[in-house]
Amino acid sequence: MSLPPIDLAVFHENGYVRKQCRVTDLWFWTTDLSRDTCGDTSEDEYTFIGKPLIQGYDMRGKSLKDAMREAFLGFFENVGHTRINPYPVLARWRDDIHLTIASIADFQPHVTSGEVEPPANPLTISQPCIRLTDVDAVGRSGRHLTTFEMMAHHVFNKPNEGKMFYWMEECVQYCHDMFTKTFGIDSNEINYVENPWCGGGNAGAAVEVIVGGLELATLVFMNLEEHPEGNVELKGDRYREMPLQIIDTGYGLERFCWAAAGTPTIYEAIYPDTVAWLKEISGFENVAKQWPKLNLDGVLGEMSRLSGIMNIEAGVDGEKLRSIFIDRLAERGFELSDEQFSSITEPLSRIYAIPDHLHALCNMLGDGLVPSNAKAGYLARMMARRTLRLRDDLGLDVSLSQLAIHHLEVNLGNSKMKQTRDGLCKILDLEEQKYIEMLRKGGNVILTQLRDLDKSSKSIDDEVLFTLNDSHGIAPDMVISLAKQSGWKSVKLRIGFSAEMAERHALMAKQAAKSIVAKKLVEASDSLPATKSLYYDDVQQREFDGSVLFCSPLSGDDLPNGATHGIILDRTCFYPEGGGQEGDHGTLSTDSNLRNVLDTRTSGAHIIHLVNGAFEVGDLVRGSLDWDRRKQLMDHHTSVHIVGGAARRILGPHIYQAGANKSIESARLDITHFKRLSREDLDAIESMANEVIGQVQRTDKSELNRKDADKKYGFDLYQGGAPKGDMIRVLRISDHDVQACGGTHHDEPGQIGSIRIIRSAAVQDGVERLHIVAGQAALNYAREQDELLRRTVDIFGINSEDLPRTAERFFTEWKDQRKRIEHLEAEIVRIKTSGGDDFSNSKDGVRIVVMESDGDLKQMTKMLKELTLDANNPTLAILGSRVGGGKLMIATTENTIASERYNAVEILRKISPLISGGGGGRPTFAQGGGSNPDGLDDALAEAKKVLEI
RNA sequence: GGGCGUUUAGCUCAGUUGGAAGAGUGCUUCGUUUGCAACGAAGAUGCCGGGGGUUCAAAUCCCCCAACGUCCA
């Protein structure tokens with residue numbers, strides 16, 4: 001069955017009737033008996049442009065947003081909801097998405113799975129969100145944004161546990177009350193559309209709230225999960241009811257503002273000052289003056305009304321869109337030429353997009369994101385580059401950081417950020433430099449790629465455009481404009497090319513999405529009790545007794561040498577590989593058997609000991625840890641936390657752990673930073689880390705509910721990645737570093753002894769990798785370095801202080817001598833070729849030299865050059881050498897009778913078989929070799945025979 | 001996480017089907033002229049990113065690695 005109609009008392013009480021939309025076929029509720037479209041179709045125009053639907057909000061921009069937000073949150077607080085502070089736009093509590101794309105994302109996956117209690121229930125929130133999927137449409141459609149605030153009220157019902165707060169009836173009632181009472185919208189303007197929602201394995205009934213042709217809210221009643229035997233069918237998949245029933249709502253704050261302002265576009269409602277400023281400095285005013293007869297305001301108003309019914313999404317063809325727009329405007333009495341339309345809409349769409357892009361950029365960087373060429377950081381770089389591109393297209397003389405400062409002051413009201421304003425500007429200035437560098441390089445690449453293209457060509461090859469975009473970062477339209485500047489006057493971008501490129505990218509992404517599922521180590525039943533981990537109770541424990549619950553041969557590709565069986569015990573103090581810390585080693589033994597534990601890993605709730613032999617289920621075993629190894633791993637793990645904290649203190653709040661690994665030899669810590677680190681930076685971090693070891697007496701380990709942990713420490717807790725489950729282990733090293741971490745750590749940092757940062761390397765743009773050694777490993781490292789130095793110094797027989805100077809001297813001398821050898825070799829060649837002439841004959845005015853040489857290929861080449869260079873002495877030279885299986889080289893003096901009469905390649909082909917080889921080259925210069933040096937004499941003799949001398 | 005590109009003189013970059021490592025710029029010296037500078041001549045400068053392989057022969061073809069860049073998820 002499908003979902004039943006949404007038939008609610010609130011509809012009937014307010015005079016709504018249920019009808020089916022003749023355009024979309026969806027059912028909807030309306031008070032207008034004559035209405036036959038749901039309101040959000042290609043036939044429903046925006047009705048609020050110039051006629052605001054929400055009264056009493058005369059302010060614009062940030063103050064309008066603030067007032068709207070407050071009215072919304074206030075309303076829901078009054079009806080029993082708890083207000084929750086917004087989450088960051090960087091979704092660091094999640095490992096499946098980079099950005100917060102909806103308010104419900106705050107509570108996924110743990111709250112929505114029922115594992116973790118929500119921070120309040122029911123709750124209300126206004127969550128800044130970033131969605132980059134429609135970034136192309138921003139500015140052009142009049143309504144698209146990459147960054148918006150999703151206002152919401154959420155309810156998490158568990159009817160089975162008697163926790164049922166409210167469902168559809170109350171939800172829609174609240175929504176209706178808020179629209180009509182708080183915002184004074186005429187209920188005749190509101191349509192409710194039934195449109196079931198599904199996504200990510202869940203589904204449910206949903207209601208879209210359409211006001212004045214604009215979708216202002218979506219109310220989702222998520223109570224279904226995908227299941228093969230489910231009794232509800234939606235869009236081809238089967239679903240069944242689930243124990244947790246969630247109300248997920250989303251109200252677009254910016255759209256509320258737009259409906260209250262009635263401006264031609266949403267951008268004028270929320271970024272009025274920036275739009276005005278950009279219009280001024282880009283000289284947009286002059287556009288209108290070009291055509292005094294044109295009613296610009298009228299055109300713009302009409303265009304925005306049209307935007308409401310035109311589906312301007314990402315990837316839509318610009319050319320096609322333009323002609324449709326011009327036709328539709330003409331129907332409405334606004335005659336515009338192609339040129340007029342372009343010169344109005346192109347700058348305008350850029351002016352609109354800039355504040356939106358800046359909003360995304362400031363939010364992302366404000367949360368501490370560092371731009372990069374991969375992963376989350378790429379999103380920031382992309383937005384920065386798009387903004388720069390828009391700026392350049394408008395010809396604005398402002399830097400990216402100046403734009404950002406304007407945005408911070410005007411549109412963000414200097415709201416609090418994690419990143420400092422200084423840091424933000426530094427990052428953006430660097431981004432601008434990199435952008436300029438990219439353009440410069442790209443310009444060269446374009447010229448190279450187009451070199452063979454005729455100047456009168458009308459198009460550029462598709463493959464060239466793809467390569468320039470994907471590999472060099474130059475978008476197709478930019479290639480075209482650069483090509484025009486460089487002399488290819490008539491090139492044009494093929495219509496539909498951008499859409500095709502987007503399709504191609506989508507296809508590539510689809511192919512890449514095929515993931516490989518790792519093979520399970522052992523097939524242990526889920527009913528087996530979870531292993532009790534002793535290492536959290538006492539991190540110092542080295543021995544324990546346990547009983548074998550499970551034993552089976554191992555499977556998988558990545559097994560340590562010698563490991564044959566996987567053992568699960570009821571309890572263990574072996575730490576399994578996780579959080580970048582390698583698994584423990586040691587032994588498991590009974591009275592009769594002793595097995596080596598070669599690695600320890602997890603599989604679900606079980607800890608698997610990878611051993612070199614079997615045990616019987618029920619055996620009582622004594623486990624004994626390789627303590628030196630564990631101690632070293634702990635030294636490294638705790639050090640990584642300390643170094644991370646020191647790096648953040650010294651480099652800035654954007655320092656975030658991008659990855660870490662702890663082995664016994666060393667540890668690696670990847671941190672996000674926008675610049676390469678100098679040795680001075682590393683020294684400063686290292687010093688602070690060692691101070692912490694000396695000063696902090698004890699580390700503080702606690703186990704907190706996720707809800708409390710989030711509240712107490714915020715999301716910087718999840719440096720090491722998003723942990724699973726309800727309870728979170730938190731390691732706090734004084735106020736130096738706090739992190740969620742399941743690894744094993746020292747109780748006393750002092751036990752580490754010392755920390756050294758060996759070096760740093762760039763993992764990707766924006767991520768630095770620190771190589772760290774601590775404890776015994778630090779000592780070993782120092783000894784190895786000493787040993788290296790000692791051995792090197794022994795070779796030279798000098799004191800270590802003199803090493804750099806001596807090495808430099810040796811290197812320069814070696815270079816000088818190599819050069820001198822070359823000169824001397826050349827001298828030998830000259831002597832050999834100029835003197836005696838024992839080897840040369842003369843035939844019909846051509847000197848013929850046939851001789852054996854003892855040099856290598858390079859030397860022979862030089863000799864030939866000497867012999868055949870002089871045009872006044874036409875020469876045919878044949879050289880042979882026994883080096884490397886025998887070599888033959890033949891050359892003639894170019895452009896002389898020698899080269900006319902003799903073909904070097906032909907002669908070579910005739911004689912090279914005698915040394916069992918082949919060869920080739922140009923008619924005036926041939927070379928070949930063989931595998932029979934003893935045949936050289938025969939080959940040279942044959943040459944003489946062929947030449948008849 | 002995946003795809004693609006780049007790596008050659010101090011710098012910016014060419015280098016075709018494997019067959020003699022190049023241009024521009026900068027540098028050194030000399031000359032002409034001189035306000036800056038311009039011009040002429042000569043010259044020096046290369047582990048062709050690293051390692052393996054194929055070949056008589058590799059900057060060039062194949063494999064691995066690295067650095068840098070770039071697009072997409």
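Every chain is numbered from 1 and lettered A, B, ... according to where its sequence line falls, protein lines coming before strand lines. Because only heavy atoms are used, hydrogens play no part in the values below, and waters and symmetry mates are left out as well, while side chains stay in. What you see is a predicted model; the values in this text were computed from it and never measured.
Taking atom CG of A:Leu888 as the reference point, atom P of B:G19 lies 19 Å away to the nearest angstrom. Between A:Ile890 atom CD1 and B:A57 atom C1' there is a gap of 15 Å when expressed in whole angstrom units. Atom CZ of A:Phe466 is separated from atom P of B:C71 by 16 Å (rounded to the nearest Å). Between A:Tyr378 atom OH and B:C4 atom C1' the separation is 12 Å, expressed in whole Å. One can place CG of A:Leu379 at 9 Å from P of B:A73, the figure rounded to the nearest angstrom. For A:Arg131 and B:A73, the CZ to P distance is 15 Å, given to the nearest whole Å. In this structure, the NZ atom of A:Lys375 is 15 Å from the P atom of B:G3, given to the nearest Å. Atom CE of A:Met889 and atom C1' of B:C56 are 11 Å apart (whole Å).
Remark: the backbone N or O of A:Ala877 is not paired with any side-chain donor or acceptor of A:Thr875 at under 3.5 angstrom.
Contact annotation: A:Lys441 does not reach the phosphate of B:U6 (side-chain N/O to OP1 or OP2, under 4.0 Å).
Along RNA chain B, the nucleotide nearest to A:Leu468 and the one nearest to A:His472 differ in position, and the one closer to the 5' end is contacted by A:His472. When each of A:Arg440 and A:Asp765 is assigned the nucleotide of RNA chain B with its nearest heavy atom, A:Arg440 is the one assigned upstream, toward the 5' end.
Between the C1' atoms of B:U60 and B:U16, the separation comes to 10 Å (whole Å). For the P atoms, the distance linking B:U33 with B:A44 amounts to 28 Å, nearest Å. Between B:A21 and B:G46, the two P atoms lie 15 Å apart (nearest whole Å). Taking the C1' atom of each, B:G19 and B:U29 are spaced 36 Å apart, rounded to whole Å. Nucleotides B:A14 and B:U55, compared at atom P, are 32 Å apart to the nearest Å. Separating the C1' atom of B:U45 from that of B:G35 is a span of 34 Å, rounded to the nearest Å. Separating the P atom of B:C68 from that of B:G53 is a span of 28 Å, rounded to the nearest Å. Across the P atoms, B:A23 and B:G15 are found 15 Å apart, a figure rounded to whole Å.
Considering every non-hydrogen atom in both A:Ser401 and A:Asp429, the closest pair reads OG-OD1, 2.8 Å. When all heavy atoms of A:Ile427 and A:Phe674 are compared, the closest pair comes out as CG1-CD2, 3.3 Å.
Here B:A37 sits opposite no nucleotide as a Watson-Crick or G-U wobble pair (both hydrogen-bonding atom distances under 3.5 Å). Partner assigned to B:G43 is B:C27, using Watson-Crick or G-U wobble distances below 3.5 angstrom. For B:C61, the paired nucleotide is B:G53, the pair qualifying as Watson-Crick or G-U wobble because both relevant distances are below 3.5 Å. Remark: B:A21 base-pairs with no nucleotide in the shown strands. Criterion, Watson-Crick or G-U wobble with two distances under 3.5 Å. Look at B:A66: its Watson-Crick or wobble partner, with both distances under 3.5 angstrom, is B:U7.
Closest to the A:Arg381 side chain, of the nucleotides B:U12, B:G1, B:U70, is B:U70. When each of B:C13, B:C71, B:A20 is scored by its nearest atom to the side-chain atoms of A:Gln927, the top-ranked nucleotide is B:A20. Here the nucleotide nearest the side chain of A:His98, chosen from B:U70, B:A73, B:A20, is B:A73. Of the candidates B:G69, B:A20, B:C4, B:C4 carries the atom nearest the A:Ser471 side chain, counting heavy atoms from C-beta on. The nucleotide whose nearest atom lies closest to any side-chain atom of A:Lys887 is, among B:A20, B:C71, B:C56, B:C56.
Donor-acceptor pairing under 3.5 Å is lacking for the side chains of A:Glu582 and A:Ser663. Side-chain polar atoms of A:Asp367 and A:Tyr656 form no donor-acceptor pair below 3.5 angstrom.
Backbone-only engagement by A:Asn469 is indicated by non-hydrogen atom pairs under 4.0 Å involving sugar-phosphate atoms exclusively. Across all strands, A:Gly929 comes closer than 4.0 Å to base atoms (heavy-atom distances).
A cation-pi arrangement is present between A:Arg504 and A:Phe466 under the rule of less than 6.0 angstrom and at most 45 degrees off the ring axis.
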The test is side-chain hydrogen bond (donor to acceptor under 3.5 Å, both in side chains); show your working for A:Thr146 and A:Asp356 and say whether it passes. CA-CA 7 Å; A:Thr146 60; A:Asp356 168 79; 2.8 Å; yes
